Visitor: 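Questions regarding the structure given below will be posed in turn.
Keep in mind that this is a model prediction, so the values were computed, not measured. Values below: all heavy atoms of this structure, side chains included; hydrogens, waters and symmetry mates excluded.
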Amino acid sequence: MKNIIQFLPEKVIQQIAAGEVIQRPSSVVRELLENAIDANAKMIDIFIKDSGKTLIQLTDDGIGMSIDDAKMSIQKHATSKIKQTDDLFKIKTKGFRGEALSSIALISQLEIQTKKKEDIVGIHLFVEEGKVKKQIPINMLKGTRISVKNIFYKLPVRRQFLKSSRIEFQHIIYEFHIIVLAHRNITYRFYHNDKILFHFKKASLRERIQEIFKNEKKNLVPILIKKKKILVEGFVSVPDVSMKKGDQFLLVNQRCVTHLLLHKKIIHAYDGFLKNFKTASYFIFIFIDSSLINWNIHPTKKEVKLEEEETIGIMIQQEIKNVLFSQYKVKNKELKNYDIFLSCKSFKKNYLLNNLYDKLSDKERIVQLENFSHKFNESGTCKKEIQLTNELYHLVYHHKRGEIKTFQVNRKYIIFVLNDEYMVLVDQHRAHQNILFEFFSRKKNLISQQFLFPIKVKLLKKESISLKNIKNDLISFGFHLYICKKYVYLYSVPEQIQQNMLIEIIQNIITYNFIKGKKNNKKKLLQIISKSASIKYGTKLYPEKMKCIIKDLFSCHNPNYTYSGDPIFFVLNKNFF
């Protein structure tokens, strides 16, 4: 009886391996560009025909190869970059596995023309199915020209799975743009069907971004982080409601990568600023000691593992937040977009609008509003207005028009108008603090969000003891953690808490000395968590978020005051004036 399981033929094995590296024409473009950069090229020309299906040719003025090196370059795992095992842990080049040319040679008709500066003549190799079919000496300048013709010509099934010419060409442009974005000290010329499409000369990062991404000209701000073994630099976008889709690039040591954890950290930095993460743009370069990077987790090196990536992510996130906060100071143009009095018809007729808004500057309007809120609290007028809580609850949930108009002032107050009768100023930090406090007080068996890797926080001895005393309470609130000597490892947190706030929450918890068995431990813990996790002053809120806060607030058992007795909202009606 013949065995069912058999070894694959060597040729099939090689073609499967080649398919992991070369998935489409853009894969060839990427690999050839990376080889040219490793060869110290200062000038690179790219020629594409039929979206790469017929021809991909790259010419560079790099160091070139000798005749023997050229022949060796198409062999599997032949590389000039790795000499010993230790070299795998300090990779500084673009290519290092020796898979690029050997994989390309297996799925196309390949020609290599190359010459080193010290050689008299160069070599022209004709390669098919991974083997040299013909070689001739040629006269040429130093450098290399690689021609990849008829990709997947021997693999019709693979070729038919290629997308349309337009889509394949878009993939090629994407890979090309990544390279020219990362390596800006090289001159590039890009031709498609004999027409030049791009000509990039040496440029700064901002200039290169503006050359490639025309829509990113105005709303980019720089970020810069310098630490002992890490440098982070680049640009992030200031949120712009007119932008439909952002451009997002993360590069580690000048190689564009997909890193879910770092991406989430970057996007969460926009919490409170953006409604849709797709509208944020970032161009972030991380330069880190090569010994702290593991590139050997993906055939195309698109994914990477970094040491202390959680710490790096938090640093980047905080820097972006700082940059965004500095950009979101009161601006005349922005206030005009969210002007309260434009939609409050009945209020236009009274003192508040005619005298306060019409005559004061934008900044003065905000100062005056804040003065009003303090005056209400001190005079006791607010207490009279708070008797309207039940009516407000009814109006919020049964509003006839089904729509609550909300505005934000000075990143501190949410203002909404109901029935052209009441104007309510809600303190966003106190409101969210109250919402979280009551939520955690009432809920049991909370749903948690788990982390891919646990978050590690260092503890002093007394902090570790204090945390152990309330460990069960934390677990009941949805914090899953493990305390070991000098560290606490957090594996998940309640869904209501944003991950970027977690470090601050833990740091605030451990500053308080919890004594085991003390009755008010749980209440104090609730206060710390709700205050630390609540929306901060200075956070920009979009209308949908503000409406959610208002509805959640008036669902609370006590929407009037925080647990510490601070008033949460102030009510004005037209009779007040």
Visitor: Taking atom types as modelled, is there a side-chain donor on Glu175 or Ser26 under 3.5 Å from an acceptor on the other?
Guide: no

Visitor: With a 4.5 Å limit on heavy-atom distance, are the side chains of Ile74 and Ile112 in contact?
Guide: yes

Visitor: Is it the case that the side chain of Ser108 and the backbone of Ala105 share a donor-acceptor pair, with hydrogens and angles ignored and the cut-off at 3.5 Å?
Guide: no

Visitor: If we only count heavy atoms from C-beta on, is the Ile267 to Tyr282 side-chain gap below 4.5 Å?
Guide: yes

Visitor: Tell me, do Gln135 and Lys71 make a side-chain contact under 4.5 Å, heavy atoms counted?
Guide: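 Side chain of Gln135 against side chain of Lys71, heavy atoms only: contact under 4.5 Å found.
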
Visitor: Would you check if the distance from the ring center of His124 to the ring center of Phe126 is below 6.0 Å?
Guide: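 When the ring centroids of His124 and Phe126 are compared, they turn out to be within the sub-6.0 Å range.
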
Visitor: Write down the atom of Ile123, the atom of Ala70, and the distance for their closest heavy-atom approach.
Guide: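 Taking every non-hydrogen atom into account, CG2-CB, 3.9 Å.
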
Visitor: I'd like to know whether the aromatic ring centres of Phe283 and Phe235 sit less than 6.0 Å apart in this structure.
Guide: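 Aromatic pair excluded; centres sit 6.0 Å or further apart.
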
Visitor: Could you tell me whether the side chain of Val236 reaches within less than 4.5 Å of the side chain of Ile284, counting heavy atoms only?
Guide: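 Contact flag for Ile284/Val236 side chains = yes.
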
Visitor: Look at atom CD of Glu504 and say whether more than 12 heavy atoms of other residues, nucleotides or ligands are closer to it than 6.0 Å.
Guide: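 Yes.
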
Visitor: Could you walk me through whether Phe249 and Tyr174 pass the ring-ring contact (aromatic ring centres under 6.0 Å, His included) check?
Guide: CA-CA 11 Å; Phe249 292 88; Tyr174 176 78; 5.8 Å; yes

Visitor: Would you mind telling me which of Leu251, Val232, Leu231, Val257 makes a side chain to side chain contact (heavy atoms under 4.5 Å, CB included) with Ile286?
Guide: Val232

Visitor: If you count every heavy atom of other residues, nucleotides or ligands that lies below 6.0 Å from Leu141 atom CG, does the total exceed 12?
Guide: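 Counting neighbours around CG of Leu141, 12 or fewer heavy atoms of other residues, nucleotides or ligands fall under 6.0 Å, so no.
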
Visitor: Which heavy atom of Lys49 sits nearest a heavy atom of Asp194, and at what distance?
Guide: CE-OD1, 3.7 Å

Visitor: What's the separation between atom CD1 in Ile48 and atom NZ in Lys53, rounded to the nearest 0.5 Å?
Guide: 13.0 Å

Visitor: When you measure from the side chain of Thr187 to the backbone N and O of Met43, does any donor-acceptor pair fall under 3.5 Å?
Guide: no

Visitor: Between Asp289 and Lys229, is there a salt bridge with N-O shorter than 4.0 Å?
Guide: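 So Lys229 does not pair with Asp289 through a salt bridge.
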
Visitor: Indicate whether any N or O donor in one side chain lies under 3.5 Å from an N or O acceptor in the other, for Ser492 and His480.
Guide: yes

Visitor: From Leu125 CG over to Ile136 CD1, what is the distance, rounded to the nearest 0.5 angstrom?
Guide: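 With rounding to 0.5 Å, CG (Leu125) is 9.5 Å from CD1 (Ile136).
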
Visitor: Look only at the side chain of Ser27 and the backbone of Gln23, and say whether a donor-acceptor pair between them is shorter than 3.5 Å.
Guide: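 Judged by distance alone, yes, a pair lies under 3.5 Å.
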
Visitor: Going through the checks in order, is the side-chain contact (heavy atoms from CB on, under 4.5 Å) test met by Ile503 and Val457?
Guide: CA-CA 8 Å; Ile503 299 297; Val457 181; 3.8 Å; yes

Visitor: Verify salt bridge (Lys or Arg N to Asp or Glu O under 4.0 Å) between Glu129 and Lys131, making sure each step is shown before the conclusion.
Guide: CA-CA 6 Å; Glu129 297 183 7; Lys131 296 180 181 178; over 6 Å; no

Visitor: Indicate the atoms forming the closest heavy-atom contact of Gly62 with Asp60, along with that distance.
Guide: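 Shortest heavy-atom contact: N-OD1, 2.8 Å.
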
Visitor: Keeping Glu233 on the side-chain end and Lys226 on the backbone end, is there a donor-acceptor pair under 3.5 Å?
Guide: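 Pair absent, no side-chain N/O of Glu233 close to backbone of Lys226.
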
Visitor: Hey, is Arg184 close enough to Glu207 for a salt bridge, meaning N to O under 4.0 Å?
Guide: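 The answer is no: the pair does not qualify as a salt bridge.
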
Visitor: Checking Asn322 side chain against Gln318 main chain: does a donor-acceptor pair fall under 3.5 Å?
Guide: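 Flag set: sc Asn322 to bb Gln318 pair under 3.5 Å.
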
Visitor: Less than 4.5 Å apart, any side-chain heavy atom of Ile293 and any of Val252?
Guide: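 Ile293 reaches Val252 side chain to side chain.
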
Visitor: For the backbone of Ile151 and the side chain of Arg159, can you confirm whether one donor and one acceptor N or O come within less than 3.5 Å of each other?
Guide: yes

Visitor: With side-chain contact (heavy atoms from CB on, under 4.5 Å) as the criterion, how do Ile179 and Phe200 come out once you've worked through the C-alpha distance, each side chain's angles and the decisive distance to 0.1 Å?
Guide: CA-CA 11 Å; Ile179 292 294; Phe200 293 113; over 6 Å; no

Visitor: Drop me the distance from Ile505's CD1 to Ser534's OG, to the nearest 0.5 angstrom.
Guide: 9.0 Å

Visitor: Could you check if a side-chain atom of Asn150 sits within less than 4.5 angstrom of a side-chain atom of Leu55, using non-hydrogen atoms only?
Guide: no

Visitor: Look up atom CG in Asp45 and atom CZ in Arg189, then write down how far apart they are to the nearest 0.5 Å.
Guide: 4.0 Å

Visitor: Please evaluate residues Lys42 and Asp61 with respect to the criterion side-chain contact (heavy atoms from CB on, under 4.5 Å), reporting the C-alpha separation (whole Å), side-chain torsions for both, the decisive distance (0.1 Å), and the verdict.
Guide: CA-CA 6 Å; Lys42 298 301 177 188; Asp61 62 351; 3.8 Å; yes

Visitor: Taking atom CD of Glu31 and atom CD1 of Ile56, what is their separation to the nearest 0.5 Å?
Guide: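 Answer for the CD-CD1 pair, Glu31 versus Ile56, is 11.5 Å.
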
Visitor: Check whether any side-chain heavy atom of Phe169 lies under 4.5 Å from a side-chain heavy atom of Leu197, and answer yes or no.
Guide: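 Counting from C-beta outward, Phe169 and Leu197 do come under 4.5 Å.
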
Visitor: For Lys149, what residues pass the side chain to side chain donor-acceptor pair (under 3.5 Å) criterion, not counting sequence neighbours?
Guide: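 Residues passing side chain to side chain donor-acceptor pair (under 3.5 Å) with Lys149: Glu111.
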
Visitor: Quick check: Phe161 with Phe152 (ring centres under 6.0 Å apart)?
Guide: no

Visitor: Any idea which heavy atoms bring Gly246 and Ser281 closest together, and the distance?
Guide: CA-OG, 3.2 Å

Visitor: Run the side-chain contact (heavy atoms from CB on, under 4.5 Å) check on Leu110 and Ser147 step by step: do they pass?
Guide: CA-CA 6 Å; Leu110 176 67; Ser147 302; over 6 Å; no

Visitor: Okay, side chain of Lys545, backbone of Ile549: is any donor-acceptor separation there less than 3.5 Å?
Guide: no

Visitor: Salt bridge (Lys or Arg N to Asp or Glu O under 4.0 Å) between Glu34 and Arg255: does it pass, once the steps are laid out?
Guide: CA-CA 10 Å; Glu34 289 183 351; Arg255 190 194 302 277; 3.5 Å; yes

Visitor: When you compare the side chain of Leu205 with that of Leu181, does any pair of heavy atoms fall below 4.5 Å?
Guide: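 They are in side-chain contact.
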
Visitor: So, Gln170 and Lys163: side-chain donor and acceptor under 3.5 Å apart, yes or no?
Guide: no

Visitor: Say you draw a straight line from OH of Tyr191 to NE2 of His199; how long is it, rounded to the nearest 0.5 Å?
Guide: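 Rounded to the nearest 0.5 Å, the OH-NE2 separation comes out at 7.5 Å.
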
Visitor: I need the minimum non-hydrogen distance between Ser165 and Ser51, along with the two atoms involved.
Guide: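 Reported closest heavy-atom pair: O-OG, 2.8 Å.
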
Visitor: Around Lys486, counting heavy atoms of other residues, nucleotides and ligands shown, do more than 12 lie under 6.0 Å from its NZ?
Guide: no

Visitor: Out of Lys264, Lys456, Lys265, which one pairs with Glu310 under the salt bridge (charged side-chain N to carboxylate O under 4.0 Å, His left out) rule?
Guide: Lys265

Visitor: When you compare the side chains of Tyr188 and His183, does any donor N or O come within less than 3.5 Å of an acceptor on the partner?
Guide: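 No, no side-chain donor-acceptor pair sits under 3.5 Å.
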
Visitor: Between Tyr270 and Ile320, what is the shortest heavy-atom contact and its length?
Guide: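 Where Tyr270 meets Ile320 most closely, the heavy atoms are CE1-CG2, 4.2 Å.
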
Visitor: What about the rings of Phe176 and Phe198, do their centers lie closer together than 6.0 Å?
Guide: yes

